[in-house]
Amino acid sequence: MLQKLWNKCKKCGCDKVEDSEKLCESCKEKRREFWSDIKKIVGVGGAAFLVLIAGGKMTKKS
């Protein structure tokens with residue numbers, strides 16, 4: 001019983017856990033997709049912010 005509880009996925013509760021993170025493959029893939037989406041959003045936002053700063057500095061000098 002204790003071994004069965006120990007091998008459950010922390011997110012969905014399935015019995016397919018095989019590593020120390022306690023997440024099954026489908027939950028790990030969802031987490032990877034989530035973080036890659038977050039990185040894309042932050043990258044685009046950061047680039048837009050830099051463009052705004054650079055654009056503001058260029059207009060002030062003129």
Side-chain angles (χ1 to χ4, degrees):
M1 177 75 180
L2 184 59
Q3 185 65 24
K4 211 173 202 182
L5 288 174
W6 182 254
N7 286 332
K8 290 213 177 266
C9 176
K10 286 194 293 186
K11 253 192 180 317
C12 67
C14 70
D15 292 326
K16 296 186 244 177
V17 178
E18 298 171 359
D19 63 353
S20 60
E21 286 185 29
K22 296 283 184 222
L23 294 174
C24 63
E25 286 300 318
S26 64
C27 289
K28 277 195 244 180
E29 185 60 35
K30 288 177 190 172
R31 185 174 69 177
R32 277 186 224 117
E33 289 173 7
F34 172 76
W35 283 112
S36 84
D37 290 346
I38 294 293
K39 288 177 188 175
K40 288 176 190 173
I41 291 169
V42 168
V44 169
F49 182 70
L50 290 175
V51 167
L52 286 174
I53 289 174
K57 287 184 179 181
M58 292 178 103
T59 57
K60 287 181 183 177
K61 286 183 180 179
S62 299

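FYI, side chains are in, hydrogens and waters are out, and symmetry mates aren't considered; it's all heavy atoms of this structure.
The other members of the hydrophobic cluster of Val42, by chain and number, are Phe34, Trp35, Ile38 (side-chain heavy atoms under 4.5 Å, ILVMFWY only).
Scanning for side chain to side chain contact (heavy atoms under 4.5 Å, CB included) contacts around Leu50 gives an empty result, with sequence neighbours left out.
Under the salt bridge (Lys or Arg N to Asp or Glu O under 4.0 Å) criterion, the residue pairs touching residues 32-45 are Glu29-Arg32, with sequence neighbours excluded.
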